[in-house]
Engineer: 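Below is the structure I would like to discuss, written out as structure tokens.
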Amino acid sequence: MFPLNYFLFLQIILFLFITPGSPRIVIISYSMNYGIRKCIWTALGDVTANFIQATLVIFVIGSFFSDNPNFLNTFKWIGIAYLLYLAYDLYNSKPKDVSSNNISTKGFFSFFRDGFLVAGTSPKAWMFFPLIFPQFIDFNSNYVVQFFILITTYVVLDFLSLIAYAVLARKLIIWIKANPKVINTISACVLLIIAIIIAFIQKY
């Protein structure tokens, strides 16, 4: 069974990945301080934490969603409210400064651990997986297959976006400083549109 509105899911996560949140700020800093290769371990730590978060959400409370469709509908509107909040927050946020100080020797596990902890403690991730992720799974069908399609898509694109930030770190920092509001304004507008689409087409 293919996930519900898969291409809408793609749009949401792509614009979330474009937004320079805390995992991407860490990747940019590490890329400048330690090089791109070591950033791979940080990216792996990030996606590992996200995989665990998604697994806990779907397989711990998945059957509850199936037995209580009204609760899922409530989550839908909470998710819409979160998207609207995120759009507002992005529009009003300022780009963060990235420091290249405190260069030191770090082992591969340290990079993995940092990526894991940053993603694992990210409020954005803990809001996304319980509130947005389940909206694209039909819990009355084979939701295990749907889960693996969605989480594989998420993990692969998240990993690639993190590496892209590492590769383009220096140019990206210069561009953000020169255009401090453009990327956040575009992302905020798209999230607003997506919230409206979910409100009208997601039915339970």
Side-chain angles (χ1 to χ4, degrees), residues 1-27 39-69 71-83 85-87 89-90 111-165 187 190-191 194-195 197-198 202 204:
M1 178 67 183
F2 206 66
L4 296 168
N5 300 308
Y6 178 74
F7 293 105
L8 180 59
F9 175 79
L10 277 179
Q11 293 175 51
I12 291 176
I13 63 174
L14 284 173
F15 278 96
L16 286 178
F17 295 158
I18 288 173
T19 305
S22 53
R24 280 139 189 85
I25 297 300
V26 171
I27 282 288
C39 286
I40 293 175
W41 292 95
T42 305
L44 287 173
D46 180 285
V47 298
T48 299
N50 290 156
F51 180 83
I52 293 173
Q53 289 168 324
T55 302
L56 289 175
V57 167
I58 298 304
F59 293 103
V60 171
I61 64 176
S63 59
F64 180 79
F65 283 143
S66 179
D67 298 333
N68 299 273
F71 188 81
L72 188 58
N73 191 58
T74 301
F75 259 51
K76 162 189 166 179
W77 290 104
I78 295 175
I80 290 171
Y82 169 65
L83 284 176
Y85 163 76
L86 184 59
D89 187 58
L90 284 175
F111 288 100
F112 181 90
R113 179 200 61 204
D114 290 348
F116 185 91
L117 291 177
V118 168
T121 58
S122 169
K124 182 187 293 185
W126 281 112
M127 291 293 286
F128 173 82
F129 286 109
L131 300 180
I132 307 299
F133 194 80
Q135 307 295 331
F136 298 92
I137 294 180
D138 180 4
F139 288 97
N140 294 312
S141 183
N142 188 349
Y143 68 85
V144 175
V145 173
Q146 298 175 64
F147 167 80
F148 279 107
I149 292 174
L150 291 178
I151 195 59
T152 299
T153 301
Y154 185 98
V155 165
V156 169
L157 292 180
D158 190 17
F159 180 82
L160 292 177
S161 72
L162 289 168
I163 298 304
Y165 265 79
S187 297
V190 172
L191 287 176
I194 290 173
I197 292 174
I198 290 177
Q202 293 281 53
Y204 298 99

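Please read all numbers here as calculations on a predicted model, not as lab measurements.
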Engineer: How would you list, by chain and number, every residue that makes a side chain to side chain contact (heavy atoms under 4.5 Å, CB included) with Ala54, sequence neighbours excluded?
Structural biologist: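 Residues passing side chain to side chain contact (heavy atoms under 4.5 Å, CB included) with Ala54: Phe129, Phe133, Phe147, Ile151.
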
Engineer: Check side chain to side chain donor-acceptor pair (under 3.5 Å) between Asp46 and all other residues, then give those that pass, not counting sequence neighbours.
Structural biologist: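 So Asp46 forms no side chain to side chain donor-acceptor pair (under 3.5 Å) with any residue.
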
Engineer: Excluding sequence neighbours, so at least two apart, what forms ring pair (Phe, Tyr, Trp, His ring centres under 6.0 Å) with Tyr6?
Structural biologist: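 Partners of Tyr6 by the ring pair (Phe, Tyr, Trp, His ring centres under 6.0 Å) criterion, ordered by chain and then number, come out as Phe2.
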
Engineer: I need the minimum non-hydrogen distance between Gly120 and Ala49, along with the two atoms involved.
Structural biologist: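 Scanning both residues, the minimum pair turns out to be N-CB, 3.7 Å.
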
Engineer: Where do Pro134 and Val57 come nearest, in terms of heavy atoms and distance?
Structural biologist: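 Answer, listing the atom of Pro134 first, then Val57: CG-CG1, 4.0 Å.
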
Engineer: Just how far is it from atom CD1 of Ile58 to atom CZ of Phe148, taken to the nearest 0.5 Å?
Structural biologist: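 That separation rounds to 11.5 Å.
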
Engineer: Please evaluate residues Phe59 and Val144 with respect to the criterion side chain to side chain contact (heavy atoms under 4.5 Å, CB included), reporting the C-alpha separation (whole Å), side-chain torsions for both, the decisive distance (0.1 Å), and the verdict.
Structural biologist: CA-CA 9 Å; Phe59 293 103; Val144 175; 3.8 Å; yes

Engineer: List the atom of Thr153, the atom of Ile149, and the distance in Å for their closest heavy-atom pair.
Structural biologist: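 For Thr153 and Ile149, the tightest heavy-atom pair comes out as OG1-O, 2.8 Å.
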
Engineer: Nearest 0.5 Å please: distance from the CD1 atom of Ile80 over to the CD atom of Gln135.
Structural biologist: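 The CD atom of Gln135 is 7.5 Å from CD1 of Ile80, to the nearest 0.5 Å.
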
Engineer: Once you round to the nearest 0.5 Å, how far does CZ of Phe9 lie from CD1 of Ile132?
Structural biologist: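 One gets 10.5 Å once the value is rounded to the nearest 0.5 Å.
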
Engineer: Name the atoms and distances for all side-chain donor-acceptor pairs under 3.5 Å in residues 154-161, with sequence neighbours left out.
Structural biologist:
from   : atom 1 : to     : atom 2 : distance (Å)
Asp158 : OD1    : Arg24  : NH2    : 2.5
Ser161 : OG     : Arg24  : NH2    : 2.9
Ser161 : OG     : Leu157 : O      : 3.3
Ser161 : OG     : Asp158 : O      : 2.8

Engineer: Using the ring of each side chain (for Trp, its six-membered ring), is Tyr143 parallel, tilted or perpendicular to Phe139, with breaks at 30° and 60°?
Structural biologist: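 Rings of Tyr143 and Phe139: tilted, 30 to 60°.
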
Engineer: How long is the span from the CG atom in Asn5 to the CG atom in Leu10, to the nearest 0.5 Å?
Structural biologist: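 Reported to 0.5 Å precision, the distance equals 11.0 Å.
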
Engineer: Among Leu56, Thr55, Asn50, exactly one meets side-chain contact (heavy atoms from CB on, under 4.5 Å) together with Ile52. Which residue is that?
Structural biologist: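 So the option named by the test is Leu56.
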
Engineer: Taking atom CD1 of Ile12 and atom CZ of Phe7, what is their separation to the nearest 0.5 Å?
Structural biologist: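 The CD1 atom of Ile12 sits 14.0 Å away from the CZ atom of Phe7.
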
Engineer: Check Phe17 against Tyr165 and note the closest heavy-atom contact, atom names and distance.
Structural biologist: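 In terms of heavy atoms, the two residues are closest at O-CE1, 3.6 Å.
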
Engineer: To the nearest 0.5 Å, what is the distance between CG on Leu131 and OG1 on Thr74?
Structural biologist: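 Output value for this atom pair is 11.5 Å.
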
Engineer: Can you name the nearest heavy-atom pair linking Gln146 to Ser141, along with the distance?
Structural biologist: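 The answer is NE2-CB, 3.9 Å.
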
Engineer: Is there a side chain to side chain contact (heavy atoms under 4.5 Å, CB included) between Thr48 and Phe51? Walk through the geometry before answering.
Structural biologist: CA-CA 5 Å; Thr48 299; Phe51 180 83; 5.7 Å; no

